[in-house]
Amino acid sequence: MAFRRLRSSTAVLALMLAAPVMMGAVDLDSFFGERLLVAHNRERATLGIAPLRWNPELAGSAQRWADHLAATGAFEHAPESRSHPEGENIWAGTKGYYPLEARVAAWIREKQNYKPGTFPDNSVTGKVADVGHYTQLMWRDTHDVGCAVATGSREDVLVCRYSSAGNYVGERAF
């Protein structure tokens, strides 16, 4: 019952966010955070995992790293902070080509390689890299997300930061 209500609420939210765009009132970029939340929470709802909340501090942290990646052309995770750990997903692709939802969908597609188990033994391929974005997005103890985009010379970069961080060795994602 609660899952059905959550799924229904997600659908209503998506329609509310889409209505102004469909009527031509605003462009898609004005709903940046909402679009990313819907993309994340739609997938979390499929397993009855609590929805994420938008966190402006995480978005600011993500923006600094996205700017760095775009400026340097590097593609690597940020160094971890021991005092304030954050989970992180990164994506890069052809400049101006991929909508935000397609970027998150790339992380979600990793569920095809996911198998129930404790991290890092939860990939059918045996490689953490094949499920790590998906498990961070779905991690049961993660409640906040903040994302940012930056554009480099050839690519757009999306960085999402998560709190509490996920992908802890010996723990189940969900």
Side-chain angles (χ1 to χ4, degrees), residues 2-4 6-11 13-14 17 31-55 57-59 61-63 65-66 69-70 74-81 84-94 97-150 155-174:
F3 171 69
R4 193 175 295 160
L6 179 61
R7 192 171 76 189
S8 176
S9 297
T10 301
L13 177 62
L17 292 172
F31 286 107
F32 177 82
E34 291 88 348
R35 289 173 60 200
L36 287 165
L37 269 178
V38 167
H40 280 76
N41 288 335
R42 182 182 315 120
E43 185 64 23
R44 290 172 67 91
T46 65
L47 296 177
I49 300 171
L52 297 174
R53 299 174 301 240
W54 188 259
N55 182 311
E57 290 177 21
L58 290 172
S61 174
Q63 188 66 64
W65 191 247
L69 294 176
F75 189 71
E76 60 193 3
H77 286 283
E80 286 192 52
S81 167
H84 188 67
E86 297 172 349
E88 179 182 77
N89 280 346
I90 58 176
W91 176 95
T94 305
Y97 186 76
Y98 294 94
L100 293 172
E101 294 79 5
R103 301 171 197 193
V104 175
W107 299 331
I108 293 169
R109 277 193 302 276
E110 291 179 3
K111 75 180 169 184
Q112 69 189 349
N113 296 318
Y114 175 79
K115 70 175 184 178
T118 57
F119 190 84
D121 186 30
N122 56 355
S123 170
V124 297
T125 67
K127 298 176 186 174
V128 171
D130 291 342
V131 297
H133 299 100
Y134 175 68
T135 54
Q136 174 58 79
L137 190 148
M138 300 295 284
W139 201 261
R140 73 193 175 294
D141 292 332
T142 297
H143 301 289
D144 292 327
V145 65
C147 304
V149 171
E155 294 182 315
D156 288 329
V157 176
L158 170 66
V159 175
C160 288
R161 294 278 173 88
Y162 302 86
S163 182
S164 296
N167 294 342
Y168 284 107
V169 173
E171 292 187 22
R172 288 177 137 351
F174 44 87

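- Using modelled atom types, one finds a donor on one side chain and an acceptor on the other under 3.5 Å when comparing T135 with N167.
- With contacts defined as side-chain heavy-atom distances shorter than 4.5 Å, the pair R103/V149 qualifies.
- For the pair V159/L69, a side-chain contact is recorded, criterion being any heavy-atom separation below 4.5 Å from C-beta on.
- Across G87 and A165, no two heavy atoms sit closer than the pair N-CB, 3.3 Å.
- Residues P116 and F174 have side chains not in contact (no heavy-atom distance under 4.5 Å, counting atoms from C-beta outward).
- Between D144 and R161 no salt bridge is recorded (no basic side-chain N to carboxylate O distance below 4.0 Å).
- For the 3.5 Å distance criterion, the side chains of Y134 and N113 fail to qualify, holding no donor opposite an acceptor.
- Within 6.0 Å of CD on Q112 lie more than 12 heavy atoms contributed by other residues, nucleotides or ligands.
- Looking at heavy atoms from C-beta onward, F119 lies in side-chain contact with V128 at the 4.5 angstrom threshold.
- When side chains are defined from C-beta on, L58 counts as touching S163, because their heavy atoms get closer than 4.5 Å.
- The distance from atom SG of C147 to atom CG of N55, rounded to the nearest 0.5 Å, is 10.5 Å.
- Side chain of T118 to main chain of R172: no donor-acceptor pair is present (N/O by atom type, distance under 3.5 Å, no hydrogens or angles).
- Side-chain contact between R35 and P99: present, with at least one pair of heavy atoms (C-beta onward) separated by less than 4.5 Å.
- Annotation: the span from C160 atom SG to L37 atom CG amounts to 9.5 Å, rounded to 0.5 Å.
- Note that CG of N41 and CD of E34 are 12.0 Å apart. Values are rounded to the nearest 0.5 Å.
- Applying the side chain to side chain donor-acceptor pair (under 3.5 Å) test between Y162 and each of H143, E88, H40 identifies H40 as the sole match.
- Put simply, the side chain of Q136 does not reach to within 4.5 Å of the side chain of W107, judged on heavy atoms.
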- Item | Step-by-step side chain to side chain contact (heavy atoms under 4.5 Å, CB included) determination, F32 to L100 | CA-CA 8 Å; F32 177 82; L100 293 172; 3.5 Å; yes
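- With a 4.5 Å cut-off on side-chain heavy atoms, V104 and L137 count as touching.
- Of the listed residues (H133, K111, E43), just one forms a side chain to side chain contact (heavy atoms under 4.5 Å, CB included) with M138, and that residue is E43.
- Side-chain contact check for T125 and D130: at least one donor-acceptor pair (N or O, by modelled atom type) lies under 3.5 Å.
- To the nearest 0.5 Å, atoms OG1 (T142) and CD (E86) are separated by 11.0 Å.
- Annotation: E101, atom CD; neighbour count of heavy atoms from other residues, nucleotides and ligands within 6.0 Å is above 12.
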- Query: When you look at E171 and R140, which way does the side chain to side chain contact (heavy atoms under 4.5 Å, CB included) test go after all the steps?
  - Reply: CA-CA 10 Å; E171 292 187 22; R140 73 193 175 294; 3.6 Å; yes
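- The heavy-atom pair separating P79 from W65 by the smallest distance is CD-CH2, 3.9 Å.
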